[in-house]
Every structure is written in structure tokens, then in C-alpha cells.
Amino acid sequence: MDTSLMIMLIVIILALAFDFINGFHDTANAIATSVSTRALKPRTAIMMAAVMNFLGAIMFTGVAKTIGGSVADPAKLDNGLEVLIATLLSAIIWNLITWWFGIPSSSSHALIGSLAGAVYVGAGADKLNWSGFTTIVEGLVFSPIIAFVIGYIIMTILRWIFARRSPHTVNKGFRSMQIVTAAIQSFTHGTNDAQKAMGIITFALVTADFQDHMEVPLWVKLAAATAMALGTSVGGYKIIKTMGTKIFKIEPINGFAADISAASVIFGATLFHLPVSTTHAITSSILGVGAAKRFSAVRWSMAGRIVIAWVITIPIVFVMAGLIYKLLF
């Protein structure tokens, strides 16, 4: 087998492995509230999320094009495939570490930071598109702030509307509605997160001269969507426990508000072709909803741990990807 083709296959396998891990790492966030409030049983929620992730993943490609071309121009990298191998190994390692400890860190941060680090070390600072990288990071930074604010506003409105209703009656109704919002959130997750592996594979195809444009081939869409759906079907119970119980005690009305808030931010970003952290959007929505319910109800120490993971992810994986590139190539 030709060496370049073999390296290309390694990149594809690693990209799909990243998508698979992303499935059980990040998708757990999308169903955490519905599972914690018992609106859905864990297995049912996971299978529903797998289907909705697949549907979302095959319907959009804008984020894939951003990932594939904004950090670096694949056509200008002579060693692009090697750079991608270091990128994916770094992102996969970080995702597995944070999953093991139940920390809802961002797969998006891990991938973008790793790609930047691998390009910087493997191709040089002049090959790194700093403006594109900065734009993506800005989206990753501002999206959780927006999600927090929206979550706070929606929860405040719901509290005002249902202030005179029996809490038991209200939560019974919202428990049923959470099934719909969990499905919506899983769909929006697929529209954004699955695009990242598609972008990496398309980046590799351009680098290896298999195609000369950033349009995502159908087989790449189907492969990435399937990998994420399979990963989702495995489940991410460690993350579900953290998101659904350790930030604050979520009731169905809170879960509904958090799901709607996060889904609106994620899908809005997808429409603008911006990769955002679905983890950040969902976590921040939960924090905003909790703060609206009662500021002291939020376990801010756990929230602090999550925020620390957000802050340190990009610099850590940037360095890790550079070191992996040096070690391997």
C-alpha cells in the first residue's frame, strides 16, 4: 500500500475514533437533565440521542468547512496528514482523561487547540491562520456566556408564568416536555459537533490531493454521523452524573429551560457556521437556570472545577499536540 494512502487511512480512523469518543463524552451532556429528572430512562435517552445525533450530523456541513479551513490552509501544508495525526491523538487523549474523571470538558476546545498546536510545531507559525483561530476561540468563549444569560432569562420567565401553579403539577407537565427538548438538543449537538470530524477528514483529503475543495463528501458525512451515533449509544454515565446532579438539583422545569437555552445557542452557531462547545453551552445553561432559581442552589465549587477545565484545555492540548508531533515525526 502506498505510504501516503496508509497515512490517510490512519487519519480517517483516528477522526472517526474522535467522533465516537465525542459521542459518549459530549452527548451525555445533551441528555443529562432529562435523565436526572427521570423524564427518560438512561438507555432510552441514549438511544434517542444516538438517532437524533445522526440526523443532525448528516444535514449540515458549514461547521465542517470552518474547521477544515480556518485554522490552516490544508493545500499549503506539505505535512498536513502528519499534523492531523498529532492533532487527533492529542484531542483523543484529553477527551479520555476528562471522561474518566467525569469532567465535562470541551471536545471542541480539545480539537481546535490540538490542531493549532500541531500546525504551529509541525508547519511553523506562519502556516497558522491566527485570525481564523482567534475567531473560532472567540465563538467558544462567548457562547457559554450567552447560554448562561439565556438560561437565566428563560428560567426567570417560567418562574413568573407558573408562580401560582402547584410545583407537582408544573413538574409533571415539564417532565413530558423534556422528552422533546432532549431530542432537540441531541439533534443540535449533531449539527455542530459531528461536523468537526468531517472537517478534519476533508482537511486530510485536500492535503493529500484527493480533492481540491472543502465540500464534505457524502461518505464522510455518513461515516462521521455513524461514528458519533455509535459513541452516543455507548453512553457517558460519568458525565451525566456530573451534569445532572452535581451542579444543582435539577427539576423538570429547570431541565426544560436548560435544554431550550443550550439548543438555541448551539443551533444558532451552526447556522452561522461557527464551531462552539456543546459542553460549554449546556453547562452554562444549567448554571444560568440554577442561578435564576436560587443563586445559593448552585454548587459553585463544582462549577469552578468545570470552568478550570474549560480554561486549561486549549493551552494543554496545544502543547500536547506539539509534543506528539515531535515524538512521532
Side-chain angles (χ1 to χ4, degrees), residues 15 18 22 26 60-77 79-80 83-84 86-91 94-95 98 105-150 191-204 206-207 214 216 262 265-284 306-325:
F18 171 82
N22 193 357
D26 279 17
F60 294 86
T61 59
V63 173
K65 295 175 184 177
T66 299
I67 290 289
S70 291
V71 177
D73 185 346
K76 295 181 180 179
L77 297 181
N79 57 343
V83 164
L84 291 180
T87 296
L88 291 165
L89 286 174
S90 172
W94 183 249
N95 269 1
T98 52
S105 68
S106 168
S107 294
S108 303
H109 278 206
L111 187 63
I112 297 300
S114 295
L115 180 57
V119 170
Y120 184 86
V121 173
D126 59 317
K127 298 295 185 182
L128 187 59
N129 183 0
W130 291 103
S131 61
F133 175 65
T134 303
T135 299
I136 291 174
V137 172
E138 286 174 351
L140 293 173
V141 169
F142 286 115
S143 56
I145 298 173
I146 296 170
F148 180 94
V149 172
I150 293 176
T191 67
N192 202 285
D193 262 18
Q195 306 299 310
K196 290 151 192 172
M198 294 183 199
I200 290 295
I201 294 175
T202 306
F203 187 113
V206 174
T207 298
M214 288 304 299
V216 182
V265 171
I266 296 167
F267 193 62
T270 298
L271 293 179
F272 283 100
H273 301 173
L274 289 174
V276 295
S277 168
T278 54
T279 304
H280 289 200
I282 296 166
T283 307
S284 297
I306 294 170
V307 170
I308 290 171
W310 294 352
V311 172
I312 65 174
T313 293
I314 287 181
I316 286 179
V317 297
F318 186 99
V319 173
M320 191 190 311
L323 290 175
I324 290 174
Y325 183 90

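For reference, positions follow the sequence shown, starting with 1.
Scored by the salt bridge (Lys or Arg N to Asp or Glu O under 4.0 Å) test, Lys127 finds no partners at all (sequence neighbours excluded). With sequence neighbours excluded, no residue forms a ring pair (Phe, Tyr, Trp, His ring centres under 6.0 Å) with Phe148. The side chain to side chain donor-acceptor pair (under 3.5 Å) test applied to Ser90 returns Ser114, not counting sequence neighbours. Applying the ring pair (Phe, Tyr, Trp, His ring centres under 6.0 Å) rule to Phe60 yields the partners Phe267; only residues at least two apart in sequence or on another chain are considered.
Nearest heavy atom pair, residue Thr207 against residue Gly80, reads CG2-CA, 3.4 Å. Looking at every heavy atom in both residues, Leu77 comes nearest to Ala72 through CD1-CB, 4.3 Å. Taking both residues in full, the closest heavy atoms of Ala281 and Val265 are given as CB-CG1, 4.4 Å, listed atom of the first, atom of the second, then distance. Of all non-hydrogen atoms in Val317 and Ala110, the two that sit nearest each other are CG2-O, 3.6 Å. Taking every heavy atom of both residues into account, Ala125 and Tyr120 meet most closely at CB-CE1, 3.5 Å. Scanning all heavy atoms of the two residues, the minimum distance from Ala147 to Ser284 falls at CB-CB, 4.0 Å.
A donor-acceptor contact closer than 3.5 angstrom is absent between the side chains of Lys196 and Ser107.
Atoms CD1 and CG, from Ile324 and Leu88 in turn, are 10.0 Å apart once rounded to the nearest 0.5 Å. Rounding to the nearest 0.5 Å gives a distance of 11.0 Å between CG of Leu84 and OH of Tyr325. Note that OG1 of Thr313 is 12.5 Å distant from CD1 of Ile112, once rounded to the nearest 0.5 Å. Considering CD1 of Ile146 and CZ of Phe142, their distance stands at 8.0 Å, rounded to 0.5 Å. Here CG of Asn22 is found 4.5 Å from CG of Asp193. Values are rounded to the nearest 0.5 Å. In this structure, the separation between CE on Met214 and OG1 on Thr61 is 10.0 Å, given to the nearest 0.5 Å.
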> When you look at Trp94 and Thr98, which way does the side chain to side chain contact (heavy atoms under 4.5 Å, CB included) test go after all the steps?
Replying inline: CA-CA 6 Å; Trp94 183 249; Thr98 52; 3.7 Å; yes
>> Does Ser108 form a side chain to side chain contact (heavy atoms under 4.5 Å, CB included) with Leu140? I'd like the steps, not just the answer.
In response: CA-CA 8 Å; Ser108 303; Leu140 293 173; 4.0 Å; yes
> Ile67 and Gln195: side chain to side chain contact (heavy atoms under 4.5 Å, CB included), yes or no, with the steps?
Replying inline: CA-CA 8 Å; Ile67 290 289; Gln195 306 299 310; 6.0 Å; no
>> Applying side chain to side chain contact (heavy atoms under 4.5 Å, CB included) to Leu115 and Leu111, what does each step give before you reach the verdict?
In response: CA-CA 6 Å; Leu115 180 57; Leu111 187 63; 5.6 Å; no
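Looking at His109 and His280, their side chains come closer than 4.5 Å, going by heavy atoms from C-beta outward. Between Val83 and Val119 the shortest side-chain heavy-atom distance falls below 4.5 Å.
For residues 133-144, the set of pairs meeting the side chain to side chain donor-acceptor pair (under 3.5 Å) definition, not counting sequence neighbours, is empty.
Counting heavy atoms of neighbouring residues, nucleotides and ligands inside a 6.0 Å radius, atom CZ of Phe318 exceeds 12 of them.
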Under 3.5 Å, which donor-acceptor pairs do the side chains of residues 269-276 form with other protein atoms, sequence neighbours left out?
{"from": "Thr270", "atom 1": "OG1", "to": "Thr191", "atom 2": "OG1", "distance (Å)": "3.0"}
{"from": "Thr270", "atom 1": "OG1", "to": "Asn192", "atom 2": "ND2", "distance (Å)": "3.2"}
{"from": "Thr270", "atom 1": "OG1", "to": "Ile266", "atom 2": "O", "distance (Å)": "3.1"}

